[in-house]
Every structure is written in structure tokens, then in C-alpha cells.
Amino acid sequence: MIPRIRGNDYSVLTPPEIGAWTPDMRVSVVVPACDGQEKLDLTLAGLADQSYPAELVEVVVVGDGSEPPVRLPEIRHVNTRLIVCETRGLAGARDAGLRAARGDVVHWLDSDVVLDRVAIEAHMRWHHLAPYLAVTGDLRSTAASPAPPEVAMAGDRAKLFEPAEPDAWVVDLVERTDGLRSAAHDAFRLYTGESTSVDAMLLKAVGSADGGFVLGLDTAMGYRLSEAGAVFVPEPVATAYRLGSSTRRQETSGGRDGQESVPDHVPHHRSLRTHPNRQWLVPYVEVETDVTGASYEDVRTVVDAVLAGTIPDVSVVLRGPWDELEDERGTPPGDLALVRRHYAAEPRVRLGGRPGLAPFVLRLPSGWVPGEDGLAQLTDLMTERGLGLVSVFLAEQPDGIVAARMERTAAFARAEMLAEDGEDLDGVVTEIYGSMWVDPESYGLLPAVDATVPDDRRTTYRQQQERSVLQGEVARLTKELARLTKEAEGLKGKVTEAREEAKRWRTQAVQLRREVGALRKQVTALKQGHGLTRITRSGLRRIRSLLRDQSHGKQAGDGQE
């Protein structure tokens with residue numbers, strides 16, 4: 001049984017120790033090469049003596065138009081061959097290498113990267129555990145440039161290439177996500193063709209890479225693998241030394257090229273898709289609904305509501321008997337014919353066809369309309385909780401429950417790989433991602449007859465601006481509340497001090513009263529006992545002084561209270 005990994009938490013897998021296991025899977029190391037013969041010689045020297053069994057390794061070097069053409073050096077793996085790709089560019093070279101690869105696993109390796117001696121074994125021990133992993137080595141940049149014989153004979157290549165520096169943003173990504181175990185939907189960002197291995201069947205299912213990228217090709221391919229159900233594993237033992245500085249940028253915050261090309265292909269980069277009405281090549285949400293037997297008015301209400309929602313990068317797929325539809329000339333068109341004509345020029349609406357690459361798919365029963373912010377709220381719920389399925393209870397009918405379903409594409413793709421014969425996919429998705437039911441009111445889902453469609457596309461934008469202003473005001477008030485709370489705490493401390501001082505004054509006043517009473521008794525006793533008829537001036541001054549102290553103490557105590 002294939003291990004079932006929840007999200008990207010590969011902790012359920014325990015790879016064997018290096019050198020303490022017996023492998024049986026073949027690996028094809030694909031090395032696209034264009035110019036840079038000296039670095040290629042070092043790369044191939046690093047593959048000449050790997051700890052992984054030589055009979056299970058093949059090296060495919062893909063030359064893509066170098067002048068002079070690249071050649072195979074003397075020091076290389078015994079199973080190395082050179083093929084020529086007629087299409088220039090990295091994407092074309094990788095596709096050619098993938099077609100030529102005969103291994104169970106494809107290990108991408110750039111022609112300026114040298115692997116540590118145990119790197120391939122470190123990768124392959126993971127692939128023996130599960131068939132849907134993408135394993136990336138510890139890629140480090142080095143200024144060292146030893147000779148090929150030194151590389152091939154070195155048992156510990158760290159002595160040749162260290163000190164070497166990892167990419168800072170990769171270190172940050174791995175550390176703050178517990179080695180990608182807690183990375184929900186963006187673990188694919190680790191994927192790089194410089195030193196990553198992937199199951200060959202999974203790669204071929206994903207399809208060819210897009211050749212239109214300069215930078216960002218790896219991010220786009222990583223995203224596609226993610227949507228196909230892949231789990232991404234960083235392997236620190238598989239050290240890979242990049243000869244020179246990194247040319248890869250972090251697409252979410254790096255140079256302009258990443259921001260130019262990546263957003264079209266990677267919907268998860270929401271920070272690069274901020275325009276309220278802009279459309280992108282790959283939508284964030286795909287809404288599917290069956291319009292068989294539905295009226296033209298109801299279909300239009302549903303579609304227009306989806307297109308006017310707060311998620312602009314959305315597409316709509318209308319399922320129906322489109323192949324059977326014929327235009328009846330001379331007669332009024334039917335409902336489906338009207339729908340086809342109405343949306344013929346709208347690129348976001350498709351009449352049937354294969355599912356796209358959107359990370360979320362809402363399967364909507366015919367005649368039900370989501371609220372303006374409904375799609376956004378559902379995707380937020382799934383993203384925050386890492387869910388694979390959210391079902392919305394709509395109605396109960398004699399033949400069963402009517403429900404809308406928001407599905408995570410990656411979750412269902414992985415479930416299809418893992419499900420045994422006859423096993424319910426929803427159950428597998430619940431096991432590996434989680435699922436829940438919600439009510440329709442919270443997400444504004446209504447029957448088409450009760451729904452209203454916003455008639456101004458800019459309404460959403462204005463509402464977002466107003467919400468931004470309100471959020472700023474809330475932040476200001478929150479800060480002011482924190483300041484006042486701090487001042488109140490200070491005043492409470494002063495009140496406590498004042499109460500303690502008043503308590504001390506009251507104690508002193510009691511003592512003074514007792515002393516005055518005692519003196520009065522003494523004066524009375526003196527007068528009565530000794531027949532004195534006169535009190536000395538000094539005695540009167542003493543009594544007056546005590547009385548004044550008593551009076552002042554009482555006033556001070558009352559004031560403190």
C-alpha cells in the first residue's frame with residue numbers, strides 16, 4: 001500500500017541510512033548543457049563515482065545548440081550518453097532529456113552543479129518509499145574550481161568545495177515551515193531543476209515545460225507538480241555545489257522577470273495578482289456547472305454572478321450536450337444555443353473541455369448562484385485550514401442532498417494515485433487533507449431566481465478600497481486603545497500608592513489622638529492631685545502643638561481618601 005501523506009508532512013516516511021539498504025529503482029540523471037564545457041566536465045566528474053549502484057544509473061547529457069557543441073569528457077559515469085536537442089533553450093532540453101530517460105526516477109541536474117558522492121543515493125532512498133515525491137538537494141554556491149580528477153577521486157567533496165553558501169531564501173523557507181512539513185500550498189517553491197529528482201511517471205503526467213520562461217520555469221513546473229499531487233522533500237544529505245553565484249531569483253520578491261512571467265502560471269502567488277479586474281493564463285478558481293435543461297436566464301444569472309465576484313482570475317466551465325447542439329435556421333434558438341451565442345466572445349467561459357490547472361474547482365449544481373464574495377470566502381477557508389474539500393449543503397430532495405463542492409485540485413490528484421479499487425475519493429481526500437460541510441448562507445449561495453448580479457464591475461474595487469480605509473482606522477483605534485490601556489495601568493499604580501499613604505496618615509492620627517488623651521489625663525490629675533490652679537506656658541504650647549498635629553493628620557488622611 002502506498003503511504004498516505006497528509007498535506008506536505010512527509011514525517012510518515014522514514015528513509016534508510018546511507019549505505020544500509022538495497023536499492024532496485026533506476027534513475028536517469030538529465031543534464032541540459034549549453035556552452036560551459038569546463039563546468040560540464042566537473043559536473044560529469046561528480047557523477048563518475050556515486051555511492052548509488054552504477055548499473056541503476058544512467059546520465060543523459062542534452063546539448064542544445066552550443067558552438068562548438070558540448071562533448072563528453074573522459075572522466076564520466078560509465079552509463080553516460082549525449083543527445084542533441086534541436087530546440088534551443090532550457091525547457092526544450094529538459095523535455096528532450098525526459099523523453100530519452102529510461103529510469104524510474106528523473107534527477108534534473110544543471111551543467112554547472114557538482115553532486116556530493118552520496119547525493120543520488122540520498123535522493124533515491126526517498127523515492128523507494130513513495131511514488132509522488134519531488135526531492136531537492138542542499139544546493140550551495142561555491143567559488144572553488146578543482147580539476148575533474150580531484151572531484152572524481154574525492155571521498156569527501158566538502159573538502160574541495162567548502163566554504164559554500166546556501167540560498168538565504170531557501171534556508172528561510174525550510175526553517176519556518178519545519179522542513180516544508182507545515183508548508184500548505186507553497187512547498188513547490190523549493191523545486192529547482194538544478195538538483196531535484198522526481199518520479200518519471202509523475203513528470204510525464206504533468207507534461208512538457210513551457211518554453212516561454214527565462215526565470216520562473218522551475219517555479220511553474222513545481223506548481224504543476226504540486227497540482228498533480230506531489231509532495232516536496234528537502235534532503236540536506238544530498239549536497240550539490242553550484243559553481244559560481246546563483247542565477248535564480250525568488251519570484252515573489254525578486255527581479256522583474258519573475259514578476260513578469262510567474263503570475264500567469266502560478267495562481268498561488270496572490271501578491272502578484274492584485275489588480276481587481278486583470279485576467280491571467282491560469283485561473284485561481286474554476287467553476288463548473290451542468291446546464292443541461294437549464295434556462296438561458298438562469299445560466300446567465302449564474303455565470304454573470306461568478307464573473308462579477310471578488311475573485312477576478314476565475315473561469316467558468318459549462319457542462320452540457322454541446323456536441324449535439326445544432327443551429328435551427330429559421331426558428332428561434334433554444335436556451336443552450338442562446339447561452340453559446342451569449343458567451344462566444346468571453347474567454348473566461350468554456351463550453352465543456354478538459355479541466356484546467358486552477359488550484360481550486362467549485363462544482364456548482366445547476367441554478368445555484370454564489371455570493372459576490374462567496375468564492376473568495378470558500379478559498380480562504382480551504383487555505384487557512386489546509387482542507388482538500390468543502391461541501392456546501394444547499395437543499396434536500398427526495399433523491400438525495402443537493403450540495404456544491406469546492407475541491408482542491410492537488411488533493412484529488414493525490415487521492416487518485418492513492419485510492420484502492422472501489423475506494424471513495426472523498427474519503428481519501430478527507431484522510432490526506434481534511435474536509436468539512438458548511439451552510440449556504442455564510443457564502444451567499446442562493447437559487448438563481450433569488451439572486452441578484454452586481455451591475456457594476458467596479459463596485460468590488462470600491463468596496464475593497466473602503467474596506468482598506470476601515471482597516472486602517474481600526475488599526476489606528478487599536479493602537480490608541482493600547483496607549484490608553486497603558487496609561488490606565490499607570491494611574492492604577494498611583495491610586496494604589498495614594499491609598500497606602502492615606503493608610504499611614506490614619507495610623508498616625510490615631511496615635512496622636514491617644515497621646516493628646518494621655519496628656520489631658522495627666523493635666524487633670526495634676527490639677528486635682530496637687531491643687532495646681534495654673535498651667536505653665538510651656539505646657540500649653542505642648543498641648544496646642546499636639547492638637548495642631550492631630551488636625552493636620554486628619555486633613556491629610558481625608559485628602560488622600
Side-chain angles (χ1 to χ4, degrees), residues 27-86 88-94 96-98 100-103 106-123 136-165 192-197 218 238-248:
V27 56
S28 297
V29 183
V30 177
V31 186
C34 180
D35 301 318
Q37 183 68 49
E38 291 184 0
K39 291 184 177 180
L40 175 62
D41 291 350
L42 291 174
T43 297
L44 296 180
L47 296 171
D49 183 30
Q50 285 285 313
S51 64
Y52 200 71
E55 65 275 12
L56 297 178
V57 179
E58 70 165 355
V59 179
V60 181
V61 180
V62 185
D64 68 343
S66 299
E67 190 57 47
V70 296
R71 55 175 175 75
L72 296 183
E74 181 179 350
I75 301 177
R76 64 181 188 266
H77 191 278
V78 65
N79 296 325
T80 302
R81 54 196 171 103
L82 173 65
I83 66 173
V84 177
C85 174
E86 297 181 358
R88 291 295 301 269
L90 180 59
R94 285 183 182 170
L98 178 60
R102 296 173 294 203
V106 171
H107 188 307
W108 302 119
L109 187 65
D110 275 4
S111 60
D112 61 350
V113 175
V114 180
L115 293 183
D116 187 68
R117 187 175 178 276
V118 300
I120 292 180
E121 181 184 354
H123 278 256
T136 297
D138 180 18
L139 192 62
R140 309 168 68 84
S141 297
T142 178
S145 183
E150 294 180 274
V151 173
M153 293 185 296
D156 182 6
R157 290 172 186 165
K159 295 179 180 179
L160 296 177
F161 294 105
E162 296 291 348
E165 292 295 329
T192 170
E194 292 178 278
S195 180
T196 294
S197 58
D218 289 341
T239 308
Y241 295 101
R242 182 195 294 119
L243 304 175
S245 60
S246 173
T247 58
R248 188 183 183 206

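- R140 and E165 are not joined by a salt bridge, as no carboxylate oxygen comes within less than 4.0 angstrom of a charged side-chain nitrogen.
- For the pair T196 (side chain) and G193 (backbone), a donor-acceptor distance under 3.5 Å is absent.
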Do any side-chain atoms of residues 106-113 form donor-acceptor pairs under 3.5 angstrom with protein atoms, and if so which ones, sequence neighbours left out?
unit_1, atom_1, unit_2, atom_2, d
W108, NE1, Y191, OH, 3.0

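- Using modelled atom types, one side-chain atom of E58 and one backbone atom of R102 make a donor-acceptor pair closer than 3.5 Å.
- Proximity of S141 to Y241: side-chain heavy atoms (C-beta onward) are nowhere separated by under 4.5 Å.
- With rounding to the nearest 0.5 angstrom, the CG atom of L160 is 9.5 Å from the CE atom of M153.
- At least one side-chain heavy atom of T80 sits under 4.5 Å from a side-chain heavy atom of L72.
- The CG atom of L40 sits 11.0 Å away from atom CD of E38, with the distance rounded to the nearest 0.5 Å.
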Does the pair S145 and L42 meet the rule for a side chain to side chain contact (heavy atoms under 4.5 Å, CB included), with working shown? CA-CA 8 Å; S145 183; L42 291 174; 4.2 Å; yes

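- Note: E150 CD to I75 CD1 = 10.0 Å, rounded to the nearest 0.5 Å.
- Without hydrogens or angle criteria, S66 side chain to P68 main chain gives no donor-acceptor distance under 3.5 Å.
- Across all non-hydrogen atoms, the minimal contact from G63 to V70 is CA-CG2, 3.9 Å.
- Residues V114 and V151 have side chains in contact (heavy-atom distance under 4.5 Å, counting atoms from C-beta outward).
- The two residues N79 and E55 make their nearest non-hydrogen contact at ND2-CA, 4.3 Å.
- Here the side chain of R76 pairs a donor or acceptor atom with the backbone of P73 at under 3.5 angstrom.
- In this structure, R157 contributes its side chain and L115 its backbone to a donor-acceptor pair below 3.5 Å.
- The nearest pair of heavy atoms linking V30 to A101 is CG2-CB, 4.5 Å.
- Taking CD from E162 and CG from D156, the interatomic distance works out to 9.0 Å, rounded to the nearest 0.5 Å.
- Between the side chains of R117 and S51, no donor-acceptor pair is found at a separation under 3.5 Å.
- Put simply, the side chain of V29 does not reach to within 4.5 Å of the side chain of V60, judged on heavy atoms.
- To the nearest 0.5 Å, the span separating CZ on R94 from SG on C85 amounts to 12.5 Å.
- Using a 4.5 Å heavy-atom cutoff, the side chains of H77 and L44 are not in contact.
- Using a distance-only test at 3.5 Å, with no hydrogens or angles considered, no donor-acceptor pair links the side chain of Q50 to the main chain of Y52.
- Contact record, D116 with A158: OD1-N, 4.5 Å, taken as the closest heavy-atom pair.
- Heavy-atom minimum distance, V61 versus A33: CG1-CB, 4.2 Å.
- Taking CG of L243 as the reference point, atom OG1 of T43 lies at 6.0 Å (rounded to 0.5 Å).
- Of all the heavy atoms in A96 and I83, the pair that sits closest is O-CD1, 3.8 Å.
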